[in-house]
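Structure, as structure tokens:
Atoms within a ligand are numbered from 1 in the order they appear, just like the ligands themselves.
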Amino acid sequence: MQLPRLPFTPEQASTVSTEVDALYTYLVAITLFFSLLVTVLILYFAVKYRRRSENDLPHPIAGSVKLETMWTVIPFLISMTIFVWGASLYFKLYRPPKDAIEIFVVGKQWMWKFQHTEGQREINELHVPLGAKVKLTLTTEDVIHAFAVPAFRIRSDVVPGRYTFAWFEATKPGRYALYCTEFCGTNHSGMNGWVEVMEPTAYQAWLSGGGSDSPAAQGEQLFQSLGCATCHRTDTQGRGPVLTGVFGKLQRMQGGQDVLADESYIRESIVNSTAKVVEGFQPIMPSYQGQVSEEQVLQLIAYIRSLGAPPEQQGGGTTMTNGQTGGAATTTTGIAPDTQRSNPVGPTSPQRPNATTGTGGTTQTGNANRQP
Ligand code: CUA
């Protein structure tokens with residue numbers, strides 16, 4: 001369905017762009033209609049009820065139930081159409097499909113870093129296949145950024161210490177601008193890049209053109225090199241919980257609270273390790289705050305997720321889509337949202353690419369290891 005586009009709107013290059021534009025056009029049309037109506041009535045009444053002579057006195061108005069009901073009910077019905085339409089589009093935009101390709105995005109003053117599940121890494125340039133659903137898991141090394149691709153009609157805040165999500169399905173090959181749309185410092189205006197939408201075969205060729213290990217494999221190396229494996233053993237004799245099959249399941253904490261082991265929980269367990277302690281264990285794990293970059297945290301999460309998930313959540317690794325739209329989405333699983341999170345865009349956490357084994361020209365130097 002190709003609606004006529006309003007002037008000055010960007011190209012429509014994703015499955016949702018026509019829907020977003022339709023809603024936007026509807027809002028503009030309503031606004032224009034009522035602006036004109038009010039203007040015309042003001043002018044008309046000004047003429048019709050003008051004071052005709054010096055001793056002209058206005059008649060008192062007693063009110064009209066009919067009129068008042070009308071101007072209450074009609075705007076109410078109109079605003080409800082905006083609400084229902086907007087809400088359904090919002091849920092569609094912020095509930096990534098489960099069968100999507102996953103890409104990790106890390107914002108950093110002032111660049112965008114991407115890592116594909118296959119291991120490819122890029123900066124300010126994102127290659128994606130045409131006609132495939134792509135889910136972005138976003139976080140930042142430093143300040144708040146916002147990731148936006150106008151041609152896809154997507155935008156997501158990128159918040160320190162938190163994972164947000166966006167998804168799209170590109171419908172036209174080509175190059176589309178991506179922007180940071182949150183003021184983030186001196187070079188905010190230069191924090192741009194391109195999304196390159198490729199034919200699936202060309203994308204496959206591009207994917208196989210080298211790259212580093214997958215995030216999960218890099219996470220496993222980290223898991224060993226950081227010594228995590230000495231406590232988180234695969235048998236039950238370790239000083240920390242066994243991590244196999246934990247991802248995506250409820251975990252019982254000390255004090256009886258059940259917490260969903262999602263990306264956010266795992267991130268917190270790494271950087272603020274004693275915030276939640278699994279029942280039956282001691283709060284002895286050191287914090288890794290400052291020792292692992294956000295990209296490395298993402299890799300560790302990817303590794304832990306690869307250790308197994310509940311049967312209904314296997315496949316594609318997109319296990320955490322349920323909780324991502326905030327409270328509303330959690331009703332589908334019956335799982336309580338993490339009460340510490342208020343971000344409607346996504347209460348789950350990110351996985352990341354490895355900062356220590358960066359290849360292909362990705363810059364892993366300088367403040368790459370800075371923590372939020
Ligand atoms: Cu990053 Cu503005």
Checklist entry - Mind checking whether Tyr26 and Trp85 have parallel, tilted or perpendicular rings, split at 30° and 60°? => result tilted
Next on the checklist: Students often mix this up, so state it plainly: with edges at 30° and 60°, are the rings of Tyr203 and His116 parallel, tilted or perpendicular?
Outcome noted: tilted
Checklist entry - Tyr303 vs Phe223 aromatic rings, parallel, tilted or perpendicular, using cut-offs 30° and 60°? => result tilted
Checklist entry - Which protein N, O or S atoms lie under 2.8 Å from atom 1 (Cu) of ligand 1, given by chain and residue number? => result His145 ND1, Cys180 SG, Cys184 SG, Met191 SD
Next on the checklist: Can you tell whether the side chains of Arg305 and Glu102 come within less than 4.0 Å, N to carboxylate O?
Outcome noted: yes
Checklist entry - For Pro283, does its backbone N or O pair with a side-chain atom of Thr274 as donor and acceptor, under 3.5 Å? => result no
Checklist entry - Taking atom types as modelled and ignoring hydrogens, do the side chains of Tyr176 and Ser14 form a donor-acceptor contact shorter than 3.5 angstrom? => result no
